[in-house]
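What follows is a short report on a single structure.
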Amino acid sequence: MNILILGSGGRESAFAWKVAQSPKCEKLFIAPGNAGTTQYGTNVNIKVTDFEGIKALVLKEAIDLVLVGPEEPLVKGVHDFFLADEQLKNIPVVGPQQEGAQLEGSKDFSKIFMEKHNIPTAAYKTFTKDTLEDGLTYLATAGLPVVLKADGLAAGKGVLICLTLEEAQTELKAMLADAKFGEASSRVVVEQFLTGIELSVFVMTDGNSYKILPEAKDYKRIGEGDTGLNTGGMGSISPVPFADADFMKKVEERVIIPTVEGLKKDGIPYKGFIFIGLMNSNGEPWVIEYNCRMGDPETESVMRRIDSDFVDLLLGVAEGNLDTKELTISPKTAATVVMVAGGYPGEYLKNKVITGTENVRDSIVFHAGTAMDGEDVITTGGRVLAITTVQDNMFSALQQATADASRIYYDGMYFRKDIGFDLL
Ligand code: AMP
Ligand code: GLY
């Protein structure tokens, strides 16, 4: 069968690497892809939100299955677009329709959903411009720190953790009255701050049954020791040692089952991934957020621990028989180190030639923000490469991924050398 992956990051590179290995995959296309995805398939320069362009490609190349990487096309309704189109409606899309994608697209929607289905999450209240005064009063009674979340998609920047009441009130005003995050902050969720250690849990569902993929931990801060500004993600490891059988049983019973059942009860069709951002607070799971897609850079580690045919699992999601499919997970440890551009996550360097990838010994170099410039591979994004290795134990995996990252060079290159070392 012919498969199309939408997206261009490290996550989509890892998907492409895995999908290309399946005997079921004849031709693989990635739109738009990056300099690395051409190793696994054919790049087509179409934006993930250009639905008409995607349609033309799907028909031209006789695509049998579409795997959606990022949230934006899902929240904008790419799956609904397929279902509403006579020529596309029978071509399965892995990724939820717009309604289900609201789990990520609206923080308020996801909080209401969790409250309704008794899924453990921080206490909250939602405010709009009209209820700003109530919000300011509420903040005065809420404990500190307090978390403010723009309701809509804000490119990962819409969450603010405020340490003082003054800061919280200033920010709430900026979000609601001055549209700090545009339309995304026309509604703001004010939420209790949770303490503990975070992890990412991934579920694949056909809307009825589900499979739990390997969990992962990602490292969001730019600096070693989890310091400095937030980024899209600087590295990941899987498995997560503190996510032991006892903890994962609680996650399954208190979060995963009520989520999948809740979607069903609410009549929300859902074929795709559910990414559950969790806080482990003294051994108890609390949901921080849902995403309607896989995580990046978690996917790079997760794909490397899946031993079964991933396309077969995707077909299970698409055809609604996921319960008949096999998911085999490697007991080994996967580690990913993300190499970023100089200056990232602020204004960053671009168009720097990347050298040394041929010297990498025991990792896969998944590309993210890269492009071809003649014969050269150059940097184009903030997150440039994701170096992923699999080893028998966590220590070797962390060491190998870091060693392999240091074999690659481009002007301004930076990566954290402490990914996962807090867990050893
Ligand atoms: P989100 O965009 O919802 O993933 O939030 C970004 C980050 O903010 C999360 O990964 C957490 O590190 C942090 N965060 C969000 N909500 C809370 C909360 N209620 N308590 C503590 N930290 C939070
Ligand atoms: N790694 C976090 C995310 O993909 O949102």
Side-chain angles (χ1 to χ4, degrees), residues 7 9-15 68-72 74-75 101 103-111 114 119-126 142-163 168 171 175 181 184-185 188-202 213 215-222 226-238 240 273-281 284-303 336-338 340 345 366 368 382-383 386 419:
R11 166 183 48 217
E12 290 76 21
S13 294
F15 275 153
V68 185
E71 64 279 11
E72 198 189 356
L74 295 168
V75 172
L103 280 185
E104 174 165 5
S106 165
K107 303 270 186 207
D108 185 45
F109 175 94
S110 76
K111 295 299 281 192
M114 286 187 265
I119 296 164
T121 189
Y124 80 105
K125 262 197 184 337
T126 300
L144 290 170
V146 66
V147 186
L148 307 189
K149 297 184 170 182
D151 178 55
L153 293 185
K157 295 190 169 64
V159 175
L160 303 173
I161 296 171
C162 300
L163 301 177
E171 290 295 349
M175 287 164 94
F181 299 106
S185 66
V188 174
V189 169
V190 177
E191 181 176 290
Q192 169 205 8
F193 180 78
L194 299 168
T195 54
I197 178 158
E198 285 182 61
L199 79 157
S200 308
V201 169
F202 302 100
L213 301 179
E215 79 286 351
K217 179 160 176 28
D218 88 335
Y219 290 79
K220 290 199 168 82
R221 303 298 191 97
I222 187 76
D226 279 324
T227 54
L229 293 174
N230 250 322
T231 70
M234 297 297 292
S236 67
I237 66 141
S238 176
V240 179
F273 300 99
I274 308 174
F275 165 165
I276 307 166
L278 284 175
M279 188 71 86
N280 173 341
S281 204
E284 306 301 319
W286 294 83
V287 178
I288 294 176
E289 62 165 348
Y290 287 112
N291 294 308
C292 60
R293 50 164 175 95
M294 288 293 290
D296 192 354
E298 292 98 324
T299 305
E300 292 88 315
S301 292
V302 169
M303 285 301 125
T336 297
V337 168
V338 174
V340 301
F366 290 123
R383 290 193 291 172
I419 297 302

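We use all heavy atoms of the structure for the numbers below, so side chains are in, but hydrogens, waters and symmetry mates are not. As the structure lists them, so they are numbered: ligands from 1, and atoms in each ligand from 1.
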Exercise. So, do Asn230 and Arg221 sit near enough that their side-chain heavy atoms are less than 4.5 Å apart?
Worked result: yes
For this session: For Phe275, counting its heavy atoms only, list the atoms of ligand 2 lying under 4.0 Å from any of them.
Result: 2 (C), 3 (C), 4 (O), 5 (O)
For this session: Determine the interplanar angle of the Phe202 and Phe275 rings, folded into 0 to 90°, and report it as parallel if under 30°, tilted if 30 to 60°, perpendicular if over 60°.
Result: perpendicular
Problem set entry | Nitrogen or oxygen atoms of Arg11 and ligand 2 under 3.5 Å apart | no
Problem set entry | Close-range residues for ligand 1, whose non-hydrogen atoms fall below the 4.0 Å threshold | Lys107, Val147, Lys149, Val159, Ile161, Glu191, Gln192, Phe193, Leu194, Glu198, Lys220, Met279, Ile288, Glu289
For this session: Below 4.0 angstrom from a heavy atom of Asp218, which ligand 2 atoms are there? Numbered from 1 as shown, please.
Result: 1 (N), 2 (C)
Problem set entry | Val188 and Thr126, any side-chain heavy atoms less than 4.5 Å apart | no
Exercise. Pick from Arg11, Glu12, Glu300: which one makes a side-chain contact (heavy atoms from CB on, under 4.5 Å) with Met294?
Worked result: Arg11
Exercise. Short list, please: which atoms of ligand 2 are under 4.0 Å from a heavy atom of Gly295?
Worked result: 4 (O)
Exercise. Donor-acceptor pair, Ser281 side chain versus Thr195 backbone, under 3.5 Å?
Worked result: yes
For this session: Apply the test side chain to side chain donor-acceptor pair (under 3.5 Å) to residues Ser200 and Glu298: give CA-CA distance (whole Å), side-chain angles for both, the deciding distance (0.1 Å), then the verdict.
Result: CA-CA 8 Å; Ser200 308; Glu298 292 98 324; 2.7 Å; yes
For this session: Ignoring angles and geometry beyond distance, decide whether Lys220 reaches within less than 3.5 Å of ligand 2 through its nitrogen or oxygen atoms.
Result: no
Problem set entry | Short N-O contact, Asp218 and Lys220, less than 4.0 angstrom | yes
Seminar exercise, completed: Going by the 4.0 angstrom heavy-atom rule, the piece of Arg293 near ligand 2 is side chain
Seminar exercise, completed: Residues passing the ring pair (Phe, Tyr, Trp, His ring centres under 6.0 Å) test with Tyr219, sequence neighbours excluded, are none
Exercise. Stepwise, does the salt bridge (Lys or Arg N to Asp or Glu O under 4.0 Å) test hold for Glu191 with Lys111?
Worked result: CA-CA 10 Å; Glu191 181 176 290; Lys111 295 299 281 192; 2.8 Å; yes
